[in-house]
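Inspection log for the structure reproduced underneath, given as structure tokens.
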Amino acid sequence: MKNLEFYILDVFAESKYAGNQLAVFRNAGDLKTDEMQTIALEMNYSETTFILSEDKREGGYDVRIFTPAEEIPFAGHPTLGTAYIIRNEMEMVKSDEIKLNLKAGQIPVSFGSDGEVIWMRQNPAVFRHVLNHDRVAECLNLHTEDLDSRFPVQEVSTGTPFIIAPLKSLQAIKRAHINLSKFMSMVDELEGRAILLFCPETYTDNNDLNVRMFADYYGVPEDPATGSANGCLAGYLVKYDYFDSEEIDIRVEQGYEIKRPSLLYLRSAYKDSEIRVEVGGKVILVAKGNLL
């Protein structure tokens, strides 16, 4: 593991020290799985990624993603941040599109001009279990009336499953906090082990939704920005015509309640009988170094 080069990034950030932090290691193919897991635990960000080789395989770069607790098949801000490093730090000729070979499949990331939003196309949204509003409210220390009864609480996946819960107000979003024992009991019955809450009230007028995401099961009490969960949200919004449209192009704020404001861009629409999802954001390089 000597002299292993790594980068620290802010992803879904409009400015440095906002968004969600990420560590990306390059040329990590010689590391064993337990070594990657140990490094991810030591870095202690919500995720750490490892680029296994600078050579492409099947048109994409092999990448593994770890939380401090375990390896996961897909996550949004690690996908964007890792593609940013490949393009800006590894490639001699910068590509307009970079593909990452992840456990969830090959994910393409597209780039525009400098300073523009970077986009990733996630897997089509898959809809699973619908949950009882009363039980979910109890897990969130909320009243059932805080949830929007017009829409379901549902497990959705675009690579990694999340529970999507519609709330009525920003005031309810602020009051939400996890009842850990009840929440763990609920998610043990599901594939989705983290919950995203959203409401139509926002801190900033030009944003469309406010979001909070709790992932206590994975050792992350609250995440400042979550591309995979917001991809699930994008599919959910289209399926249930939340904006009275089968196509959305919106701005979502997250992380305001934990003083790390983030901005995510979501696009979703029906295509070929599937709900296609794209999640975008900006990436800022904060630091780089070598693991000695």
Next on the checklist: Quick one, Ile86 with Lys56, criterion side-chain contact (heavy atoms from CB on, under 4.5 Å). Give me CA distance, side-chain angles, the key distance, then yes/no.
Outcome noted: CA-CA 11 Å; Ile86 291 170; Lys56 291 182 181 181; over 6 Å; no

Item to check | Name of the residue among Glu91, Lys99, Gln106 meeting side-chain hydrogen bond (donor to acceptor under 3.5 Å, both in side chains) with Tyr61 | outcome: Glu91

Next on the checklist: Could you check whether atom CZ of Arg135 has more than 12 heavy atoms from other residues, nucleotides or ligands sitting under 6.0 Å from it?
Outcome noted: yes

Item to check | Trace of the side-chain contact (heavy atoms from CB on, under 4.5 Å) decision for Asp146 with Arg175 | outcome: CA-CA 10 Å; Asp146 290 320; Arg175 284 192 289 110; 2.7 Å; yes

Checklist entry - Would a 4.5 Å heavy-atom cut-off, applied to side chains only, mark Val24 and Glu89 as touching? => result no

Checklist entry - Short question: side chain of Thr202, backbone of Thr204 - any donor-acceptor pair under 3.5 Å? => result yes

Checklist entry - Do Ile39 and Leu31 have side chains that get closer than 4.5 Å, going by heavy atoms? => result yes

Checklist entry - Between Asp34 and Lys32, is there a salt bridge with N-O shorter than 4.0 Å? => result no

Item to check | Over all atoms of both residues, closest heavy-atom pair of Ser262 and Pro224 | outcome: OG-O, 3.0 Å

Item to check | Check against side-chain contact (heavy atoms from CB on, under 4.5 Å), Lys94 and Asn88 | outcome: CA-CA 7 Å; Lys94 296 181 179 180; Asn88 291 286; 3.4 Å; yes

Item to check | Side chains of Ser46 and Asn20 in contact at under 4.5 Å (non-hydrogen atoms) | outcome: yes

Item to check | Chi angles and distances behind the side-chain hydrogen bond (donor to acceptor under 3.5 Å, both in side chains) call for Asn290, Glu5 | outcome: CA-CA 4 Å; Asn290 292 85; Glu5 192 169 7; 5.2 Å; no

Checklist entry - Could Glu274 and Arg276 be called an ion pair, given the rule that one side-chain N must be under 4.0 Å from one carboxylate O? => result yes

Checklist entry - Which atoms form the tightest heavy-atom contact between Val277 and Val279, and what is the distance? => result CG1-CG2, 4.2 Å

Item to check | Least distance between heavy atoms, Ile284 atom then Glu14 atom | outcome: CD1-C, 4.2 Å

Item to check | Hydrophobic cluster membership, Ile258 vs Tyr45, 4.5 Å side-chain cutoff | outcome: no

Checklist entry - What about Val126 and Leu190, same hydrophobic cluster or not, with Ile/Leu/Val/Met/Phe/Trp/Tyr joined at side-chain heavy-atom distances under 4.5 Å? => result no

Item to check | Electrostatic pair Glu191:Arg128 at N-O distance under 4.0 angstrom | outcome: yes

Checklist entry - Can you get from Met90 to Met120 by hopping between Ile, Leu, Val, Met, Phe, Trp and Tyr side chains that sit under 4.5 Å apart? => result yes

Checklist entry - Taking the six-membered ring of Phe127, is NZ or CZ of Lys239 closer than 6.0 Å to its centre and within 45° of its axis? => result yes

Checklist entry - Can you say whether the rings of His77 and Phe12 are parallel (under 30°), tilted (30 to 60°) or perpendicular (over 60°)? => result tilted

Item to check | Stepwise side-chain contact (heavy atoms from CB on, under 4.5 Å) check, Ile178 with Leu140 | outcome: CA-CA 5 Å; Ile178 296 293; Leu140 296 171; 3.7 Å; yes

Checklist entry - Using a distance-only test with no angle check, is there a side-chain donor-acceptor pair under 3.5 angstrom linking Thr49 and Thr82? => result yes

Item to check | Nearest heavy atoms of Ile164 and Val156, plus distance in Å | outcome: CG1-CG2, 4.0 Å

Checklist entry - Any sub-3.5 Å donor-acceptor pair from Gln37's side-chain atoms to Thr67's backbone N or O? => result yes

Item to check | Check: Gly227 main-chain N/O paired with Gln122 side-chain donor or acceptor under 3.5 Å | outcome: yes

Next on the checklist: Would you say Arg26 and Tyr7 are linked by a side-chain donor-acceptor pair, where the criterion is simply a distance under 3.5 Å?
Outcome noted: yes

Next on the checklist: Can you confirm whether Val117 sits close enough to Glu278 that some side-chain heavy atom of one is under 4.5 Å from a side-chain heavy atom of the other?
Outcome noted: no

Checklist entry - Side chains of Asn210 and Glu201: is there a donor and an acceptor less than 3.5 Å apart? => result no

Item to check | Shortest non-hydrogen contact from Asp134 toward Asn132 | outcome: N-OD1, 2.8 Å

Next on the checklist: Under 3.5 Å, is there a donor on one side chain and an acceptor on the other for Arg64 and Thr33?
Outcome noted: yes

Checklist entry - With a cut-off of 6.0 Å (strictly less than), are more than 12 heavy atoms of other residues, nucleotides or ligands near CG of Asp188? => result yes

Next on the checklist: Centre-to-centre under 6.0 Å for Phe50 and Phe66, is that the case here?
Outcome noted: yes

Next on the checklist: I'd like to check Ile275 versus Ser268 (side-chain heavy atoms, cut-off strictly below 4.5 Å). Are they in contact?
Outcome noted: yes

Next on the checklist: To the closest 0.5 Å, what do you measure between CD1 (Ile72) and NZ (Lys103)?
Outcome noted: 11.0 Å

Item to check | Check against ring pair (Phe, Tyr, Trp, His ring centres under 6.0 Å), Phe198 and Phe151 | outcome: CA-CA 12 Å; Phe198 75 95; Phe151 304 99; 7.7 Å; no

Next on the checklist: Please give me the minimum heavy-atom distance between Met36 and Ala28, naming the atom from each residue.
Outcome noted: CE-O, 3.6 Å

Next on the checklist: I'd like to check Glu257 versus Tyr203 (side-chain heavy atoms, cut-off strictly below 4.5 Å). Are they in contact?
Outcome noted: yes

Next on the checklist: If we ignore hydrogens and angles and just use 3.5 Å, is the side chain of Asp148 paired with the main-chain N or O of Pro166 as donor and acceptor?
Outcome noted: no

